[in-house]
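Residue numbering restarts at 1 for every chain, and letters A, B, ... go by the order of the sequence lines. In what follows, every heavy atom counts, from backbone to side chain, and hydrogens, waters and symmetry copies are set aside.
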Amino acid sequence: MSPNKNSDKLVYMLNHIGKVFALKPQDQAVAEITDHLKKFWEKRMLVQIFNHVEAGGAGLDPLPKQALQNMMAQSAQTSVN
Amino acid sequence: MGLIQEIDYGTKASNATKLVTLRIDGATITVPEGTSVMRAATELGTQIPKLCASDMLDSYGSCRLCLVEIEGRAGTPASCTTPVAEGMVVHTQNAKLAKLRKGVMELYISDHPLDCLTCSANSNCELQDMAGAVGLREVRYGYDGANHLDSVKDVSNPYFQFDPAKCIVCSRCVRACAEVQGTFALTIDGSGFSSKVSPGIGEDFFSSECVSCGACVQACPTATLMEKSVIEMGQPEHSAVTTCAYCGVGCTFKAEMRGEELVRMVPYKDGKANHGHSCVKGRFAWGYATHRDRITKPMIRAKITDPWQEVSWDEAINYAASEFKRIQANYGKDSIGGITSSRCTNEETFLVQKLIRAGFGNNNVDTCARVCHSPTGYGLSKTFGTSAGTQDFDSVEDSDTILVIGANPTDGHPVFAARMKRRLREGAKLIVVDPRRTDLVHSPHVNADYHLALKPGTNVAVVNALSHAIISEGLADEDFIRDQCDWNEYTEWAEFILRPHNSPEAVEKLCGVPAQTIRDAARLYATARNGAIYYGLGVTEHSQGTSTVLAIANLAMLTGNIGRKGVGVNPLRGQNNVQGSCDMGSFPHEFPGYRHVSNASVREIFEKDWGVSLSAEPGLRIPNMLDAAMDGSFMGLYIQGEDIVQSDPDTQHIVSGLSAMECVVVQDLFLNETANYAHVFLPGCSFLEKDGTFTNAERRIQRVRKVMSPKNGYGDWEITQKLAQAMGLDMHYNHPSEIMDEVARTTNSFAGVSYDLLERMGSVQWPCNELAPEGTPIMHIGAFVRGQGQFVIADYLPTDEKTGPRFPLLLTTGRILSQYNVGAQTRRTENAQWHEEDLLEIHPHDAELRGVKDGDWVKLASRAGETSLRVKLTDRVAPGVVYTTFHHPITQANVITTDYSDWATNCPEYKVTAVQVSLSNGPSEWQTSYMAHAAESRRIGAIAAE
Ligand code: SF4
Ligand code: SF4
Ligand code: SF4
Ligand code: FES
């Protein structure tokens with residue numbers, strides 16, 4: 001069944017994106033996923049998925065999870081500066 | 001303004017480069033070799049009498065009216081079949097020729113009713129004109145001999161009639177059906193006096209193979225084949241050139257009028273997309289514009305369960321604006337957004353996105369292209385550097401092998417299909433990749449060399465396997481790749497493609513197409529002098545839509561099939577202005593011209609022009625808007641000319657999202673399905689009632705011209721402008737041309753476009769700017785727009801929508817010729833006669849297993865929902881696959897489709913849904929309750945109970 005809860009949906013979408021880039025070397029794959037999210041995801045969706053990562057990130061594949069963690073670290077950095 | 005009269009040169013133009021000089025009636029003329037004497041004379045302004053000739057058709061030479069004398073040649077040759085020669089001296093008129101011509105006319109007229117005064121073609125009849133031209137004054141044979149005057153009329157076609165009594169058996173109709181349309185529905189039965197035109201043995205037009213394209217009606221020189229609208233209303237008295245509002249071919253028509261009433265639409269020979277041809281939709285199905293269902297007064301209601309109340313324009317606009325402002329005050333700036341329409345003009349789309357970006361202050365704008373061609377934009381811009389097809393339609397005339405993937409052009413893009421079929425009859429090879437046996441696979445005089453009837457959802461695997469076969473057999477065009485692409489990326493990609501899982505043998509197991517067929521098809525495409533790819537929604541509407549577009553682009557680069565006539569990658573766009581709506585900045589992450597909102601220098605261009613600061617963050621896509629509505633953070637939506645409840649997947653999800661919103665504003669011709677969930681209804685106007693431009697699938701920008709006053713009072717652009725003003729935006733255009741001027745000054749690929757240019761050139765293909773002042777028919781010549789072509793690895797990932805014991809069949813969806821998209825327009829025309837309901841196509845074997853017979857009602861169930869419809873048994877679909885259209889709201893085919901979508905663009909996976917089919921006795925519970933709700937919510941003006 002396609003996922004129903006919104007955060008489940010986002011996890012599903014992210015894993016799908018992750019699989020597309022999975023053939024690339026890990027760094028490059030993470031960078032491509034990050035780039036994709038920055039280009040296309042609205043901030044409500046990002047906030048929601050960041051919250052999900054903070055809560056443990058259940059269901060997220062390693063590549064998208066890494067991309068999200070990088071983005072979160074980066075935005076923490078920007079807000080500190 | 002008069003009636004636009006196009007010259008009929010009698011025979012087609014010659015493309016030869018060598019020129020020939022001759023003398024006709026004492027005047028000298030130079031024309032390309034191969035031109036007929038008739039055409040050369042017409043170019044000089046001399047009209048040689050003719051009946052069987054037309055410049056839409058190959059010359060035929062049967063009527064013998066166009067005789068001329070040529071010095072040094074014996075007899076009186078027919079000028080339509082005689083090519084010019086250097087130094088030739090031609091006489092078109094003398095006593096001998098006049099006598100011969102009179103004799104011919106006498107014979108024709110003796111078997112023709114003399115009811116000119118009451119004939120529907122009076123004043124527009126070539127026979128009448130020719131009688132005048134040859135000076136016919138008497139008919140020596142009398143009218144008492146055997147004749148056809150009592151023949152019975154065939155009125156079965158809803159749009160035109162066939163009156164054999166008036167037929168002169170010139171065979172123009174038969175040739176038009178064969179040569180122009182390629183349907184071969186008509187024949188001349190019998191011979192000599194008893195010969196007559198026939199649409200099949202014992203059949204009338206309606207039940208014949210005829211697809212009602214109208215080519216024969218246009219070709220007929222008499223009133224034999226005549227539009228019923230002309231018979232009813234009389235001959236038109238003025239006309240304007242405009243563009244069809246149905247599909248992405250973008251045919252040009254003359255809208256022929258009497259006063260403000262449209263009499264008929266006649267395809268325009270100068271139209272660069274259609275060259276004088278048309279299909280049943282654009283030619284005949286315009287009656288919806290005046291259909292009684294049209295809403296012409298604005299309406300509002302507080303709750304979607306209330307009946308509608310008609311109000312003034314000011315009241316409706318102010319109500320919508322105050323609601324949007326209230327919602328933003330309560331839920332934040334990002335709580336509202338809008339949807340642009342691929343049916344509206346470029347100017348209207350531009351305004352809607354401007355209203356949202358500048359007036360709403362966010363980028364929550366999306367378009368229905370989300371559900372059709374968004375993967376095209378993503379895939380082609382990544383690989384080639386532009387979000388558009390590479391060729392013009394004329395390019396197909398130079399193609400040697402045509403690869404059609406996931407497209408059914410004879411139904412979806414009929415006029416282009418007619419041209420493609422002409423090229424195929426000339427000998428081009430054809431490969432069709434489609435789960436269903438479409439008409440292109442096998443139709444009169446067209447047979448696909450290979451049909452790759454793949455299992456739905458395996459496009460990427462098959463296209464990669466084609467590339468695998470090409471590389472492994474040494475057929476890659478390495479010179480092209482080295483010259484124009486990034487070689488390192490190529491080698492990395494080639495290494496991936498050569499992995500065993502991409503071999504035809506491995507892919508055969510996934511897609512069901514024999515490896516040998518894949519290899520043969522690959523060879524045919526790779527070794528063609530010019531190989532062209534055309535694809536449609538069968539490519540994009542998948543969870544791997546973007547990956548397939550990438551794989552297709554890779555395949556074209558691999559074989560060097562880019563950057564000249566006859567080759568290329570060509571998306572066949574569904575709706576008339578899909579290309580334009582995307583160009584005009586309808587996506588939430590892009591400004592007009594496909595420039596990302598985070599690009600500060602681009603933002604600055606618009607901020608300066610619009611005098612507001614703009615958001616640098618991407619907005620919500622349609623499915624995300626609905627999700628956000630359910631979460632309570634998105635509460636207001638302005639929808640121009642779209643019906644997302646019917647056209648988007650997973651209807652129940654859409655309905656819940658819309659129901660959760662506090663203000664939904666729908667602007668449309670009709671109370672569509674989405675309007676059932678709206679609070680404000682702003683009546684829109686038809687393409688006949690406004691000025692603007694559409695951009696077709698070949699990037700061609702064409703004028704839409706107003707031929708009647710808007711029945712609702714305003715053009716759609718004016719309504720958006722009113723709403724923008726009420727939202728506090730400084731927006732004041734006097735005419736859509738000023739909007740195009742703004743597009744041109746803010747968007748480089750449109751920099752040279754203006755209404756003046758369009759007036760001069762008729763149409764132009766973008767990019768049109770200082771580098772290409774007359775536009776760009778073919779892109780990427782010599783170099784890719786992005787610099788070097790980029791090979792992008794796109795691996796096959798099976799969809800998560802899988803068959804299993806509960807849902808063992810795969811449903812795929814599509815459209816048919818007579819209907820358009822959700823059918824809101826075409827269902828309100830006589831086209832409904834060809835398609836009264838959506839049917840489920842099922843293979844006889846699958847039907848038998850389920851005890852289902854042709855015409856039975858069945859329940860179609862998926863994981864998302866269920867609906868009921870009737871079945872049609874056919875082996876067009878393979879066992880295991882079922883197929884339906886989505887033209888009727890009662891079918892609710894999208895109750896079945898899931899919300900799985902493309903990884904990159906969220907384009908929904910319409911083309912693959914696991915389903916089960918079982919016998920049922922009528923409409924499902926959802927259908928019944930939905931229809932009850934629809935009827936309830938369409939009530940207008942009833943006074944609410946106290
Ligand atoms: S309407 Fe078109 S398809 Fe039908 S008979 Fe005429 S030319 Fe052929
Ligand atoms: S129907 Fe018209 S076009 Fe066809 S043969 Fe008769 S006169 Fe000619
Ligand atoms: S629907 Fe398409 S093919 Fe048919 S007339 Fe209109 S633009 Fe042309
Ligand atoms: S027009 Fe030339 S033979 Fe008929």
Side-chain angles (χ1 to χ4, degrees), chain A residues 1-52 55 59-68 70-72 74-75 78-79, chain B residues 332 334-335 337 362-364 374 378 460 492-493 495-496 499 543-544 546-547 550 587-590 596-598 615 617-621 623-628 630-631 633-634 649-650 653 792-795 797-801 862-864 897-906 909 913:
Chain A
M1 177 107 197
S2 60
N4 273 329
K5 229 178 75 201
N6 214 0
S7 61
D8 289 353
K9 249 187 206 172
L10 298 180
V11 168
Y12 179 84
M13 281 165 72
L14 264 166
N15 287 346
H16 196 178
I17 295 166
K19 282 192 195 111
V20 171
F21 294 111
L23 284 179
K24 302 254 172 195
Q26 189 183 336
D27 283 359
Q28 212 183 325
V30 169
E32 298 244 20
I33 297 168
T34 312
D35 181 55
H36 184 90
L37 293 178
K38 284 189 180 158
K39 268 201 185 129
F40 300 108
W41 280 42
E42 202 251 2
K43 62 175 179 273
R44 248 167 289 191
M45 298 160 69
L46 289 175
V47 167
Q48 217 168 356
I49 195 74
F50 289 165
N51 289 341
H52 181 75
L60 271 170
D61 290 345
L63 282 175
K65 195 168 183 178
Q66 186 62 52
L68 290 169
N70 292 359
M71 284 173 83
M72 289 162 76
Q74 206 184 15
S75 68
T78 338
S79 49
Chain B
D334 298 330
S335 57
N362 61 46
N363 289 319
N364 291 331
S374 50
Y378 186 102
V460 179
E492 197 186 315
W493 173 79
E495 181 276 316
F496 154 76
R499 290 185 197 169
S543 64
Q544 278 216 286
T546 295
S547 301
L550 293 169
F587 288 127
H589 63 284
E590 281 171 344
H596 201 270
V597 291
S598 64
S615 165
E617 288 173 358
L620 290 166
R621 297 168 172 181
N624 312 131
M625 290 179 191
L626 297 159
D627 290 339
M630 306 281 279
D631 282 355
S633 69
F634 189 86
D650 200 352
H653 173 64
V792 179
I793 292 177
D795 200 6
L797 295 171
T799 169
D800 287 329
E801 178 67 8
S862 76
R863 294 175 180 93
T897 52
T898 64
D899 65 358
Y900 284 122
S901 65
D902 175 50
W903 62 270
T905 64
N906 281 150
E909 186 161 54
T913 311

Chain A contact via B:Asp631 - which portion, at a heavy-atom distance below 4.5 Å: side chain
Taking the six-membered ring for Trp, are A:Phe40 and B:His589 parallel (under 30°), tilted (30 to 60°) or perpendicular (over 60°)? perpendicular
For chain A, find which of B:Val597, B:Asp334, B:Asn364 contributes the most heavy-atom pairs closer than 4.5 angstrom. B:Asp334
Would you say B:Asn362's side chain and B:Gly337's backbone share a donor-acceptor pair under 3.5 angstrom? no
Check: B:Ser633 main-chain N/O paired with A:Arg44 side-chain donor or acceptor under 3.5 Å: yes
Contacting moiety of B:Phe496, where chain A heavy atoms sit under 4.5 Å: side chain
Per-residue tally against chain B (heavy atom, under 4.5 Å) across A:Lys39, A:Lys38, A:Lys24, A:Lys19 peaks at A:Lys39
What I want to check is whether the side chains of A:Asn70 and A:Gln74 have a donor and an acceptor closer together than 3.5 Å. no
